[in-house]
Amino acid sequence: MSLSKSALAAVVARDIPPGSYVNLGIGLPTLVAEHLDPTSGVVLHTENGMLNMGPAAEPGAEDPDLTNAGKIPVTELPGAAYFHHADSFAMMRGGHLDVCVLGAFQVSARGDLANWHTGAPDAIPAVGGAMDLAIGAKRVFVMTTMFAKDGSPKIVPECTYPLTAPACVDRIYTDVATLQVTGAGLEVLELHDIEYATLADRLELPLKDARQ
Amino acid sequence: MSLSKSALAAVVARDIPPGSYVNLGIGLPTLVAEHLDPTSGVVLHTENGMLNMGPAAEPGAEDPDLTNAGKIPVTELPGAAYFHHADSFAMMRGGHLDVCVLGAFQVSARGDLANWHTGAPDAIPAVGGAMDLAIGAKRVFVMTTMFAKDGSPKIVPECTYPLTAPACVDRIYTDVATLQVTGAGLEVLELHDIEYATLADRLELPLKDARQ
Amino acid sequence: MIVCSSPDEAVEGTADGSVVLVSGFGMAGMPVDLVDALIRQGATDLTVVSNNAGNGDTGLAALLAAGRVRKVVCSFPRQSDSWVFDGLFRAGQIELEVVPQGTLAERLRAGGAGIGAFYSPTGVGTLLAEGKETREINGREYVLEYPIRGDLALIGAHRADRMGNLVYRKTARNFGPLMATAAETVAVQVAAVVDTGDLDPEAVVTPGIYVDRVVAV
Amino acid sequence: MIVCSSPDEAVEGTADGSVVLVSGFGMAGMPVDLVDALIRQGATDLTVVSNNAGNGDTGLAALLAAGRVRKVVCSFPRQSDSWVFDGLFRAGQIELEVVPQGTLAERLRAGGAGIGAFYSPTGVGTLLAEGKETREINGREYVLEYPIRGDLALIGAHRADRMGNLVYRKTARNFGPLMATAAETVAVQVAAVVDTGDLDPEAVVTPGIYVDRVVAV
């Protein structure tokens with residue numbers, strides 16, 4: 001079976017080195033937090049101005065002044081620090097975050113990311129911190145399903161949606177495969193219940209099998 | 001008699017509006033603090049990272065972590081705030097200080113200020129915050145003696161020393177006269193024990209008598 | 001610095017056509033009472049700079065619904081509860097400038113810090129850099145971004161002292177300290193005004209020099 | 001983040017030719033023990049970025065006197081007690097780049113914040129802008145300034161927790177928070193290392209993300 005959302009989050013969590021400073025994007029990436037070993041020393045950053053963010057607040061214990069970037073009430077861990085938006089984004093833009101995990105509409109073979117705008121004529125564009133995260137973190141992980149609901153792949157030769165940032169993605173985690181972006185194209189690191197040949201056939205781009 | 005340093009400082013203090021945020025430069029301008037009415041609500045900024053600076057520390061009560069820009073131990077008044085250098089100079093560069101009072105080697109008829117470098121070949125250049133203050137404060141007051149020790153005027157048609165900033169000075173307070181810099185040259189606002197004709201004769205530039 | 005007796009006093013004199021900076025990330029740090037006062041004050045044809053374009057029906061959303069806003073400059077207008085903005089936008093009744101969140105913050109900081117412009121790597125190669133000047137510096141491409149300043153800033157903070165020194169609370173800090181530096185008139189709503197000397201000078205986030213009007217709500 | 005057992009451990013591995021950022025305004029915030037350790041460590045041909053060029057015979061002045069510094073980037077080298085630097089400079093044994101104090105601070109901030117360059121009004125029309133690119137923006141002239149980054153930052157702070165969060169004390173804060181963002185390796189000396197959770201999260205000035213090594217002295 002391809003990976004459930006939770007199982008995919010566990011795979012991403014596995015690959016985050018202990019002690020990393022990490023930003024988890026809104027939506028699917030938020031699930032990664034639940035799979036981080038509390039003893040790993042991984043510190044979560046939320047771009048609305050906090051380091052050492054804790055889990056979501058228990059019902060009834062929400063504090064409207066303490067939310068994550070998705071505006072969900074969260075909690076504070078010992079060693080937390082608060083700062084304003086210019087300091088928070090200086091932290092990102094300046095390359096101080098070790099990893100950020102982002103969702104995606106599309107990722108191209110060279111690591112271009114599209115995750116903020118469908119390009120639909122009636123869409124209201126809303127970028128938030130996506131572009132800052134994509135260019136800022138030392139390593140950008142994308143977490144997504146490999147195929148859209150219509151069956152078309154989200155990993156594409158060239159993005160057709162408007163870009164968030166060119167050539168920014170390091171690794172792509174999907175329900176059926178983990179892919180590494182290299183200067184020479186995409187390498188398959190692991191597969192989940194799919195044959196290599198099947199995947200290669202469904203993606204319209206060259207792949208290299210780099211499974212151990 | 002021309003004004004003593006202390007009397008000159010009192011004249012400058014008189015012209016600082018109540019409630020102003022003020023930076024007093026190193027040296028002579030520091031004396032202005034002693035003449036500010038404590039009920040005036042004037043708040044002193046020191047560019048090494050503090051607002052609401054108090055008087056110099058009493059002997060024996062010095063704190064090496066609390067100094068002014070001249071590295072003299074000072075004190076903290078209620079309502080003080082500390083900040084780092086980028087925030088402190090953003091405050092200046094961004095035009096948030098109402099007045100700064102600076103010393104001068106020379107001031108030109110159009111308000112060019114030279115106060116950081118004699119231009120002597122063996123001088124070690126040291127600018128500190130002089131250029132930031134000169135371009136940043138809403139109003140720049142210069143406080144100096146009118147004449148150098150050799151009798152030459154410090155108010156000159158063109159500065160011969162390297163500039164701190166062009167056209168930045170609003171008003172010049174000296175021991176013998178207070179001058180306003182205007183788009184049309186210098187206006188004499190008050191004289192201290194010198195005849196207008198004598199002053200006009202000793203300065204090699206046009207003056208306008210604007211005394212009330 | 002004036003301690004005002006009402007939010008209405010704090011927004012007095014706002015002119016039509018003003019650029020208004022509104023703090024908050026969603027509702028955290030949103031100065032709802034000041035925005036409500038601005039609605040009563042009546043200024044119109046406003047440009048609003050804020051991270052979002054209103055949530056639900058209060059605060060900024062109410063100002064938009066009252067038809068007072070010509071243009072919104074923000075990073076993230078579209079949310080589950082941004083129906084007021086969505087309706088106005090789709091009806092062509094409001095202008096939108098979308099700015100990456102970090103660039104929005106940095107442009108406000110530049111506005112307050114007297115920086116003429118700066119080169120940012122954010123947005124390079126995207127729709128949001130189209131038409132903007134770019135430059136390669138040390139092998140990396142940057143886009144030139146200009147400061148943002150407001151005529152009025154409306155800010156939600158936690159506590160003020162009588163000199164206008166401010167502290168914020170948790171992630172409600174967000175854009176407040178930046179907007180406080182970048183507007184001609186800065187009005188702040190707080191939960192309490194405390195005596196001068198009651199705030200820790202090491203922990204003051206916005207020094208009073210930036211603050212013109214404070215009101216406890 | 002490592003809590004080191006000695007200042008020597010905190011400066012281990014410093015390479016010859018490094019750019020070293022040294023906090024402090026005069027002696028306030030000067031990491032004297034780390035600088036002394038750097039002298040023992042032996043790295044040479046250094047470029048030092050600091051507000052001053054050493055005071056008296058300790059700290060930065062001692063590093064200069066030991067002949068380890070090729071170049072100083074600072075705003076104010078000449079002081080009543082800067083005899084070590086003065087002698088080296090007059091003997092042509094050290095290079096000097098003078099930078100206005102606010103520009104020095106802003107260049108360090110830009111280095112930490114990923115800003116490619118910025119336009120500053122400071123220094124326009126002076127010797128210190130000679131040879132630099134200028135640009136008129138909205139009727140005012142600006143000079144283009146580039147970021148400063150270091151290989152190593154040596155910082156004097158007040159307290160750290162075990163995650164590297166820092167607080168400073170009074171005007172000893174000065175350049176520390178900026179330099180902490182702008183170097184590959186950041187070493188900090190503090191009066192005490194406290195337990196994680198003992199610092200007020202609202203009052204942390206330098207978050208631990210910026211800090212690599214801490215030593216209590």
Side-chain angles (χ1 to χ4, degrees), chain B residues 26 46-51 53 63-76 80-95 112-114 116-119 121-136 159 161-168, chain D residues 23 25-30 51-53 55 74-82 85-86 89-90 96 98-110 112-113 120-129 140-141 156 158 168-181 205-206:
Chain B
I26 296 175
T46 182
E47 62 262 37
N48 50 320
M50 181 187 194
L51 277 168
M53 179 177 64
D63 180 339
D65 286 344
L66 179 49
T67 74
N68 66 13
K71 303 186 177 83
I72 310 295
V74 292
T75 53
E76 164 191 309
Y82 295 102
F83 29 83
H84 61 54
H85 258 70
D87 281 349
S88 184
F89 282 80
M91 206 175 275
M92 295 207 280
R93 198 190 307 104
D112 297 348
L113 173 65
W116 74 286
H117 193 349
T118 61
D122 67 336
I124 298 177
V127 68
M131 289 186 180
D132 307 273
L133 281 164
I135 62 98
C159 294
Y161 290 155
L163 291 191
T164 306
C168 63
Chain D
S23 73
F25 182 82
M27 295 305 286
M30 167 70 63
N51 189 63
N52 302 107
N55 302 76
C74 75
S75 87
F76 207 77
R78 191 195 59 221
Q79 302 182 265
S80 58
D81 57 356
S82 63
F85 174 82
D86 297 1
F89 184 79
R90 291 190 202 283
L96 172 65
V98 175
V99 180
Q101 198 168 325
T103 301
L104 184 64
E106 192 69 12
R107 288 176 63 190
L108 287 161
R109 181 187 179 275
S120 171
T122 303
V124 167
T126 77
L127 278 182
L128 298 188
R140 189 172 192 188
E141 206 179 343
H158 182 48
Y168 299 83
R169 192 167 170 276
K170 302 190 185 281
T171 58
R173 186 182 303 196
N174 56 71
F175 283 90
L178 306 167
M179 291 177 169
T181 69
V205 174
T206 295

In terms of heavy-atom pairs under 4.5 Å, which option from Pro100(D), Gly29(D), Gly26(D) contacts chain B the most? Pro100(D)
Sub-4.5 Å side-chain heavy-atom contact between Ile135(B) and Val124(D): no
Distance in Å, Lys170(D) NZ paired with Asp65(B) CG, rounded so as to fall on 0.5 Å steps: 8.5 Å
Tell me, side chain or backbone of Val205(D) under 4.5 Å from chain B's heavy atoms, or both, or neither? neither
Okay, Val98(D) and chain B: the region with an atom under 4.5 Å from a heavy atom over there is side chain
Hey, does the side chain of Arg93(B) reach the backbone of Gly102(D) with a donor-acceptor pair shorter than 3.5 angstrom? yes
Note: Thr171(D) and Asn48(B) closest approach over all heavy atoms is CB-ND2, 3.7 Å
Side chains of Phe25(D) and Thr46(B): closer than 4.5 Å at any heavy-atom pair? no
Please flag which part of Ser82(D) lies under 4.5 Å from any non-hydrogen atom of chain B: side chain, backbone, both or neither. neither
About how many Å separate CZ of Phe89(B) and OG1 of Thr122(D), when rounded to the nearest 0.5 Å? 9.0 Å
Max heavy-atom pairs within cutoff under 4.5 Å with chain D, candidates Gly128(B), Ala86(B), Ala90(B), Ala134(B), goes to Gly128(B)
Interface moiety of Arg90(D) toward chain B, non-hydrogen atoms closer than 4.5 Å: side chain
To the nearest 0.5 Å, atom CZ of Phe83(B) lies from atom CG of Asn174(D) at 12.0 Å
Is it the side chain or the backbone of Ser88(B) that comes within 4.5 Å of chain D heavy atoms, both, or neither? neither
Given heavy-atom pairs under 4.5 angstrom as the criterion, report whether the side chain, backbone, both or neither of Asn52(D) touches chain B. side chain
Between His84(B) and Tyr168(D), does the ring centre distance come in under 6.0 Å? no
Among Gly156(D), Ala172(D), Ser75(D), the residue with the most heavy-atom pairs under 4.5 Å to chain B is Ser75(D)
For a side-chain contact (heavy atoms from CB on, under 4.5 Å) with Gln101(D), tell me which candidate from Met92(B), His85(B), Met131(B) qualifies. His85(B)
Using non-hydrogen atoms only, which part of Phe89(D) is less than 4.5 Å away from chain B: side chain, backbone, both, or neither? side chain
Taking side chain as C-beta onward, heavy atoms only, is Ile124(B) less than 4.5 Å from Leu96(D)? yes
Between Gly129(B), Ala80(B), Ala123(B), Gly49(B), which residue shows the highest count of heavy-atom pairs closer than 4.5 Å to chain D? Gly129(B)
Roughly how far apart are Leu178(D) CG and Asp87(B) CG, rounded to 0.5 Å? 8.0 Å
Do you know the tightest heavy-atom contact between Ala28(D) and Pro64(B)? CB-O, 3.4 Å
For residues Asp132(B) and Ser120(D), determine if any side-chain heavy atom of one lies less than 4.5 Å from a side-chain heavy atom of the other. no
When rounded to the nearest 0.5 angstrom, what is the spacing between CZ in Arg169(D) and CG in Asp63(B)? 4.0 Å
